[in-house]
Amino acid sequence: MSKNYDAIIIGTGQAGPTLAKRLSGAGMSVAVIERHLFGGTCVNTGCIPTKAMVASAYAAHIARRGRDYGVIIDGDIRVDMKSVKARKDAISEGSRTGVEKMLRGLERCDVYTGHARFRAAHEVAVGDQILTADRIFINVGGRASVPSMPGLDQVSFLTNSSMMELDTAPPHLVIVGGSYVGLEFGQMFRRFGSEVTIVEMAPRLVQREDPEISSAIQDLLTSEGINLRVNARCISLSGRAGAIVAHVDCQDGSPAVEGTHLLLAVGRTPNTGDLGLEAAGVSRDERGYILVNDRLETNVSGIWALGDCNGKGAFTHTSYNDFEIVAGNLLDGESRSVSDRIQAYALYTDPPLGRAGMTETEAQRSGRTVLVGKRPMTRVGRAIEKGETTGLMKIVVDAKSREILGAAVLGTGGDEAIHCVLDTMYAKAPYSVLQRAMHIHPTVSELIPTILQELAPPAS
Ligand SMILES: Cc1cc2nc3c(=O)[nH]c(=O)nc-3n(C[C@H](O)[C@H](O)[C@H](O)COP(=O)(O)OP(=O)(O)OC[C@H]3O[C@@H](n4cnc5c(N)ncnc54)[C@H](O)[C@@H]3O)c2cc1C
């Protein structure tokens, strides 16, 4: 069977479904193709379930700290992992069914379930059905990278997807990869009761951040009893179910890290290898990311790539922003581009790290003269009242243009507080605008204008 549409959308990640809604609302006929779970990574194996689990881990942590707040809990604090999983599953399911229902309810929109593969530039096969369209939008996302490593085929390992199926806490979880995904799982499972060891080949965790941020996160995790092995490159694996050994190349510590379970958190790979892109003539880079221009158009006219698969972002908000850019340009007569957005993300450890723009290291490397304002969370009233004084805030400013270049808020509420900085940056307003704004007391954000009054050249 062959059917022609105005538009085909491949994948229902964070850009595809809303784009389908806009296109069908504009009177176009649309085909949406999903091969697995509606809503993609964020909804099923990424942001939503992990943040639901982080919330359970936080509840356990606060319950254990009850006495700090004058709350006496008689008896042991235990975590029922089956209930943690059930709660997480219910939250994910609500979101997943919401996406599917929305798509199936759209006018002029047909939903296909199956693997989509290009047969030609404007022709896509799903099973034995052939779909054609002048406009094709690729939103196929990515998956956990699985590096080729001796012994990996001999041991069982977990990824962010299979972690979602656990309904017991592993006795000893070894995590290879000390960046965002590894740290979130590491802290939550420690709080669920697992022994946790994180193995990172770089000299420090989350090494794209400034050293003092990495070091504060390292202190936070070790204070909770997580074992950290930095400067340790995992080179091979051995063992059997329940007794896995990661062999590491390192200067200090044991060359063998033993645990009962292994989580690989070493990056993401775009789902572009089995999409038939060659048949369509769509170009990818050497890592498999689809090459796009500033408007997210591929090298083939009428084919766009949105979300993680274009390598321009690796977050739900970047994928959603891709949708806004494409929809704005196609349907609203706007001229929007990716280069207009400012890098922003959060790491959902507890406390979280909210980030906007450049790090201090990046700002200095760019050759600018910078000023830096900082404050430890021990000097933030809101953090003291909440009994959560781990972390620090810092803001980096261009001394000449007076624009804010970047900021990090590692501390309670850091994922929210960062937005006042982000919005000021987006407005291209000088830092004095934010400095003069009256903020609400008591909040973490109220200290941001104060930090801007205390800017100083960085300590060299
Ligand atoms: C553990 C973890 C935690 C995360 N936490 C956060 C967070 O807190 N905040 C944040 O912003 N981001 C987070 N992310 C990243 C975020 O999940 C992704 O950036 C986001 O889901 C955007 O993905 P996407 O729109 O590119 O596509 P995806 O969500 O990956 O969806 C792609 C869809 O395409 C489908 N598909 C693929 N190939 C085909 C094909 N050939 N035919 C048909 N369908 C196909 C897939 O089945 C999938 O449903 C996290 C990621 C992970 C792994």
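Remember, it's a predicted structure, so these values are computed and weren't measured experimentally.
- Within the structure, every pair that satisfies the side chain to side chain donor-acceptor pair (under 3.5 Å) test and touches residues 420-440, not counting sequence neighbours, is listed here: Asp340-Tyr426.
- Under the 30°/60° scheme for interplanar angles, the aromatic rings of Phe185 and Phe189 are found to be tilted.
- Identified under the salt bridge (charged side-chain N to carboxylate O under 4.0 Å, His left out) test for residues 259-275, with sequence neighbours left out: Arg35-Asp274.
- By the side-chain hydrogen bond (donor to acceptor under 3.5 Å, both in side chains) test, Ser56 pairs with no residue at all, sequence neighbours left out.
- Distance CE/Met164 to CG/Leu158: 10.5 Å, rounded to 0.5 Å.
- Heavy-atom neighbours of Lys21 NZ from other residues, nucleotides or ligands within 6.0 Å: at or below the threshold of 12.
- The list of side chain to side chain donor-acceptor pair (under 3.5 Å) pairs with a residue in residues 406-422, not counting sequence neighbours, reads Lys386-Thr412, Glu388-Thr412.
- Take Ser179 and apply the side-chain contact (heavy atoms from CB on, under 4.5 Å) test, not counting sequence neighbours, and it matches Val206.
- Here Thr269 pairs with Ser145 under the side-chain hydrogen bond (donor to acceptor under 3.5 Å, both in side chains) rule; sequence neighbours left out.
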Give the table of side-chain donor-acceptor pairs shorter than 3.5 Å for residues 300-311, with sequence neighbours excluded, one pair per line with atom names and distance.
| residue | atom | partner | partner atom | Å |
| --- | --- | --- | --- | --- |
| Asn310 | OD1 | Lys312 | N | 2.8 |
| Asn310 | ND2 | Ala305 | O | 3.0 |
| Asn310 | ND2 | Asp322 | OD2 | 3.0 |

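- Checking side-chain atoms of Gln187 against main-chain N and O of Glu184 turns up no donor-acceptor pair under 3.5 Å.
- Applying the salt bridge (charged side-chain N to carboxylate O under 4.0 Å, His left out) test to every pair with at least one member in residues 158-183, sequence neighbours left out, gives these pairs: Lys82-Asp167.
- Within a 6.0 Å sphere centred on CE of Met201, other residues, nucleotides and ligands contribute 12 heavy atoms or fewer.
- Shown here are the side-chain hydrogen bond (donor to acceptor under 3.5 Å, both in side chains) partners of Arg22, two or more places apart in sequence or in another chain: Asp332.
- Not a single side-chain hydrogen bond (donor to acceptor under 3.5 Å, both in side chains) links Arg190 to another residue, sequence neighbours left out.
- Aromatic ring centres of Tyr345 and Tyr180 lie closer together than 6.0 Å.
- The stretch residues 122-137 participates, sequence neighbours left out, in these side chain to side chain donor-acceptor pair (under 3.5 Å) pairs: Asn4-Thr132, Arg119-Glu123.
- Residue pairs meeting the salt bridge (charged side-chain N to carboxylate O under 4.0 Å, His left out) criterion with at least one member in residues 137-146: none, sequence neighbours excluded.
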